Amino acid sequence: MILDSKAPTGPIEKSWDDHRFNLKLVNPANKRKYSIIVVGTGLAGASAAATLAELGYHVKSFCIQDSPRRAHSIAAQGGVNAAKNYPNDGDSVYRLFYDTVKGGDYRAREANVYRLAQVSNNIIDQCVAQGVPFAREYSGMLANRSFGGAQVSRTFYAKGQTGQQLLLGAYSALMRQVHEGRVDLYPRTEMLDVVVEDGKARGIITRDVVTGKVESHAGHAVCLATGGYSNAFFLSTNAMACNVTAAYRAYKRGAFFANPCFTQIHPTCIPVAGEHQSKLTLMSESLRNDGRVWVPKERGDKRRPTSIPEGERDYYLERRYPSFGNLVPRDVASRAAKAVCDEGRGVGHSGLAVYLDFADAIKRDGRAAIEARYGNLFHMYAKITGEDPYSTPMRIFPAPHYTMGGLWVDYNLMSTIPGLFVLGEANFSDHGANRLGASALMQGLADGYFVIPYTIGPYLDSLARDNDMGLNPDAAAFKTTQKEATDRITKMMNINGKQTVDDFHKKLGRIMWDNCGMSREAEGLKGAIEQIPKLREEFWNDVSVTGTPGEFNQVLEKAGRVADFLEFGELMCRDALTREESCGGHFREEHQTEENEARRDDENFTHVAAWEHKGDDQEPTRHQEALEFEYVKLTQRSYK
């Protein structure tokens with residue numbers, strides 16, 4: 001299959017405006033005739049549902065939590081990027097575009113990234129209008145701070161809770177539409193499958209997680225905004241409810257999955273404390289503005305950090321990357337932390353940690369200033385570790401965080417299934433092989449507020465022109481798909497095994513972290529591809545799913561998600577094995593420079609890998625979308 005990105009041609013600075021002008025429109029009166037399903041109520045989902053409803057469409061919004069306010073987007077603490085250039089330090093739309101393409105190691109589509117940079121300024125205006133309490137300078141101007149991968153200050157923030165404040169803005173807009181009757185909100189509802197009829201997405205199958213009721217919902221289009229899949233590693237910074245099920249079900253129905261091995265390991269996470277943990281806690285990347293990262297120069301130095309003299313400390317990021325220092329991109333910082341720990345210079349009881357030290361910043365600016373910027377983050381760290389970060393350095397270590405891979409979409413955010421649109425982290429489109437900090441919020445809000453409201457119109461218009469406007473949740477395709485979903489639940493409930501769902505999830509997580517985590521090599525990936533099917537077979541023969549399906553049953557919820565991870569993990573490893581290069585967060589040990597940096601293979605891998613499901617017992621087919629770089633030249637990334 002030829003993957004048509006539908007990316008516009010011509011001068012890139014005019015391409016989005018020209019593309020919008022040429023899109024088919026749905027007039028205001030006709031918008032009321034269409035029903036759109038939006039799955040997920042994080043920043044991408046909530047902003048999309050609110051905006052589409054404001055335009056006049058009828059929207060069904062599905063939320064896995066008890067409230068949209070509990071979406072994982074609240075965990076994005078540090079900020080949101082925009083090219084306003086308020087600090088007057090040389091920023092521009094083009095520079096944000098350039099930094100994002102370079103940060104993704106030249107594995108993203110130029111047209112999408114430029115559009116993202118272009119609409120970033122609209123995002124800030126939108127959120128200010130909604131009352132988002134961004135930090136401000138003494139003059140009253142919105143404040144900016146620096147983030148990794150950039151030499152300008154372009155990150156707008158609300159202390160250390162930016163994601164939560166942005167989500168409250170989108171949530172208020174969404175709930176206004178609920179009150180107006182244009183959005184039907186379905187909280188505590190999980191998507192089990194997507195319904196495809198005549199090659200088009202017609203709706204979804206859901207389960208009410210309180211009552212256990214399985215239902216069909218029909219729509220003229222389906223928008224998935226269901227986030228990422230880092231919980232495939234078991235321990236990650238993601239919320240416990242984050243999963244791959246919606247995207248993976250769509251993949252099995254015909255949507256191509258792009259670059260599944262592109263996962264981000266965040267360098268600023270509280271280290272693992274023991275086997276009892278169910279998740280990890282992120283310390284915002286914004287802390288690297290004022291915190292200095294270091295380890296002892298000597299191996300095995302177990303002295304208290306405050307007892308180690310300045311001359312016996314290795315500020316290794318500042319040493320290795322003098323231009324960017326502690327603000328190198330996440331993949332670079334994570335690999336550097338792993339390297340010093342592998343040398344035996346890690347700190348803490350496990351040796352798998354480095355210091356993030358604020359002593360110099362507190363001495364320079366005073367404790368009150370640091371508390372004003374990061375107080376809630378310092379409080380969270382103290383609560384979790386029992387240590388005071390104002391008087392002793394934080395201990396941090398890399399952990400699974402964001403996923404750049406996702407369902408393949410064209411420039412209009414439509415997948416390879418007509419009528420199935422994918423927004424935010426659930427798609428692959430904007431970040432290449434590594435996401436720069438503060439760009440997740442940017443993409444989610446860009447897709448929801450400023451892209452999908454335009455690009456969904458031509459598809460809806462085509463339905464009317466084809467006289468294909470009927471919605472029938474009792475159609476055969478719905479009945480068949482719903483039966484398959486309920487049969488799967490019944491099969492799981494009847495296994496009556498001895499091992500818990502978490503037992504299997506932990507085993508999978510260990511396989512994934514060891515072989516497809518911060519670094520990968522062919523032998524380990526091949527081993528994982530052999531191990532995962534065996535673990536999957538063991539799951540379907542020995543998992544214990546207690547309770548009954550017709551009730552609130554979190555064990556059943558987890559079982560369904562882990563079953564999908566047990567299939568999807570194999571696809572991640574297969575993708576990593578096939579991509580014989582290193583780029584961004586995908587680091588193959590066999591492909592690195594003399595200085596242990598990622599070595600790309602631009603001749604053979606300057607493309608998107610999009611996988612097509614061919615059947616449960618068959619290997620998937622790998623398709624390619626060629627990437628062309630007209631505005632940002634392909635060069636070896638350097639942050640020195």
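Along the sequence shown, the residues carry numbers beginning at 1. Computed from a predicted structure; not experimentally measured. We use all heavy atoms of the structure for the numbers below, so side chains are in, but hydrogens, waters and symmetry mates are not.
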Does the salt bridge (charged side-chain N to carboxylate O under 4.0 Å, His left out) test come out yes or no for Arg622 and Glu612, once each step is laid out? CA-CA 6 Å; Arg622 187 180 190 270; Glu612 179 185 10; over 6 Å; no

Say whether Asp503 and Thr500, considering side chains only, have a donor N or O and an acceptor N or O under 3.5 Å apart. yes

Can you find a heavy atom in the side chain of Val608 that is under 4.5 Å from one in the side chain of Leu627? yes

Thinking salt bridges, do Arg109 and Glu628 make one under a 4.0 Å N-O criterion? no

Going by heavy atoms in the side chains, are Arg637 and Asn434 under 4.5 Å from each other? yes

Under the ring-ring contact (aromatic ring centres under 6.0 Å, His included) rule, what do His266 and Tyr402 come out as? Steps first, then yes or no, please. CA-CA 8 Å; His266 197 294; Tyr402 189 87; over 10 Å; no

Determine, for Lys506 against Glu275, whether the closest basic-nitrogen to carboxylate-oxygen distance falls under 4.0 angstrom. no

side-chain contact (heavy atoms from CB on, under 4.5 Å) with His72: which residues, sequence neighbours excluded? Ala75, Asn238, Ala239, Cys242

Under 4.0 Å between a Lys/Arg side-chain N and an Asp/Glu carboxylate O for Asp487 and Lys491? no

side-chain hydrogen bond (donor to acceptor under 3.5 Å, both in side chains) against Arg207, all qualifying residues, sequence neighbours excluded: none

As an exercise, state the distance from CG of Asp564 to NZ of Lys252, rounded to the nearest 0.5 Å. 7.5 Å

More than 12 non-hydrogen atoms from neighbouring residues, nucleotides or ligands closer than 6.0 Å to CZ on Arg488, yes or no? yes

When every non-hydrogen atom of Ser5 is compared with those of Glu625, the smallest separation belongs to CB-OE2, 3.4 Å

List for me each residue that meets side-chain contact (heavy atoms from CB on, under 4.5 Å) alongside Lys279, sequence neighbours excluded, and say none if there are none. Met240

Taking every heavy atom of Ala563 against every heavy atom of Phe539, the minimum-distance pair comes out as CB-CE2, 3.8 Å

Would you please test Lys297 and Glu343 for salt bridge (charged side-chain N to carboxylate O under 4.0 Å, His left out) and show each step? CA-CA 10 Å; Lys297 287 184 176 179; Glu343 292 171 5; over 6 Å; no

Hey, are Thr403 and Gln264 close enough side-chain-wise for a donor-acceptor pair under 3.5 Å? no

Does a donor on one side chain sit under 3.5 Å from an acceptor on the other, for Gln443 and Asn427? yes

Using a strict 4.0 Å threshold on nitrogen-to-oxygen distance, state whether Lys526 and Glu521 make a salt bridge. no

To the closest 0.5 Å, what do you measure between CG (Leu525) and SG (Cys573)? 5.5 Å

Where is the tightest heavy-atom contact between Leu317 and Ala336, given as atom of each residue plus distance? CD2-CB, 3.8 Å

Output the distance between atom CD1 (Ile396) and atom SG (Cys269), rounded to the nearest 0.5 Å. 9.5 Å

May I ask you to check if Arg579 and Phe605 form a cation-pi contact, with NZ or CZ under 6.0 angstrom from the six-membered ring centre and within 45° of the axis? no

Between Asn231 and Ser236, does any side-chain donor sit less than 3.5 Å from a side-chain acceptor? yes

Heavy-atom side-chain contact between Val354 and Cys341 under 4.5 Å: yes

Please check if atom CD in Glu580 has more than 12 non-hydrogen atoms from other residues, nucleotides or ligands closer than 6.0 Å. yes

Do Ser519 and Glu589 have side-chain atoms, one donor and one acceptor, less than 3.5 Å apart? yes

Regarding Lys102 and the six-membered ring of Tyr639, is the cationic atom NZ or CZ under 6.0 Å from the ring centre and inside 45° of its axis? yes

Count the heavy atoms belonging to other residues, nucleotides or ligands that lie under 6.0 Å from CD of Gln636, then report whether that count exceeds 12. yes

Ile495 vs Val545, side chain to side chain contact (heavy atoms under 4.5 Å, CB included): CA-CA, chis, key distance, verdict: CA-CA 8 Å; Ile495 294 172; Val545 182; 5.9 Å; no

Go through the structure and list residues passing side-chain contact (heavy atoms from CB on, under 4.5 Å) with His349, not counting sequence neighbours. none

Do Glu567 and Arg536 sit within salt-bridge range, that is, some charged N less than 4.0 Å from a carboxylate O? no

Quick one: pull up CD in Gln499 and CZ in Phe504 and give me the separation to the nearest 0.5 Å. 4.0 Å

State plainly whether the residues Glu619 and Arg574 are in salt-bridge range, i.e. N to O under 4.0 Å. yes

Can you tell me if NZ on Lys633 sees more than 12 non-hydrogen neighbours from other groups inside 6.0 Å? no

Side chain to side chain donor-acceptor pair (under 3.5 Å) between Tyr381 and Thr281, intermediate numbers included: CA-CA 9 Å; Tyr381 182 87; Thr281 303; over 6 Å; no

Can you establish whether the number of heavy atoms outside Glu537 located under 6.0 Å from its atom CD is more than 12? no

Please examine the side chains of Leu224 and Met191, heavy atoms only from C-beta on, and report whether any two atoms are closer than 4.5 Å. yes

Inspect the surroundings of CZ in Arg299 and state if more than 12 heavy atoms from other residues, nucleotides or ligands are less than 6.0 Å away. no

Using side-chain heavy atoms (C-beta onward) and a distance below 4.5 Å, is Phe421 in contact with Val409? no

NZ (Lys498) with more than 12 external heavy atoms under 6.0 Å: no

Heavy-atom check, side chain of Ser638 versus side chain of Tyr321, under 4.5 Å: no

Contacts of His505 that satisfy ring pair (Phe, Tyr, Trp, His ring centres under 6.0 Å) - sequence neighbours left out: Phe234, Phe565

Between Glu581 and the options Arg107, Arg599, Arg520, the salt bridge (charged side-chain N to carboxylate O under 4.0 Å, His left out) test singles out Arg107

Looking at every non-hydrogen atom in both residues, tell me the closest pair between Met404 and Gly432 and how far apart they are. CB-O, 3.2 Å

Under the side-chain contact (heavy atoms from CB on, under 4.5 Å) test against Ile204, which residue among Val195, Leu420, Val39 passes? Val39

Heavy atoms, side chains only, cut-off 4.5 Å: are Pro329 and Leu436 in contact? yes

When rounded to the nearest 0.5 angstrom, what distance separates CZ in Arg313 from OH in Tyr355? 9.0 Å

Minimum heavy-atom distance between Glu110 and Val632, given as atom pair plus value: OE2-N, 3.0 Å

Pro398 side chain near Arg335 side chain, heavy-atom distance below 4.5 Å: no

Got a sec, which residues hit side-chain hydrogen bond (donor to acceptor under 3.5 Å, both in side chains) with Gln277, two or more places apart in sequence or on another chain? none

Verify whether one side chain among Thr263 and Tyr229 offers a donor that lies under 3.5 Å from an acceptor in the other. no

What is the distance from atom CZ of Phe568 to atom CE of Met572, rounded to the nearest 0.5 Å? 5.5 Å

According to the interplanar angle, ranging from 0 to 90°, do the rings of Tyr251 and Phe257 count as parallel (below 30°), tilted (30 to 60°) or perpendicular (above 60°)? perpendicular

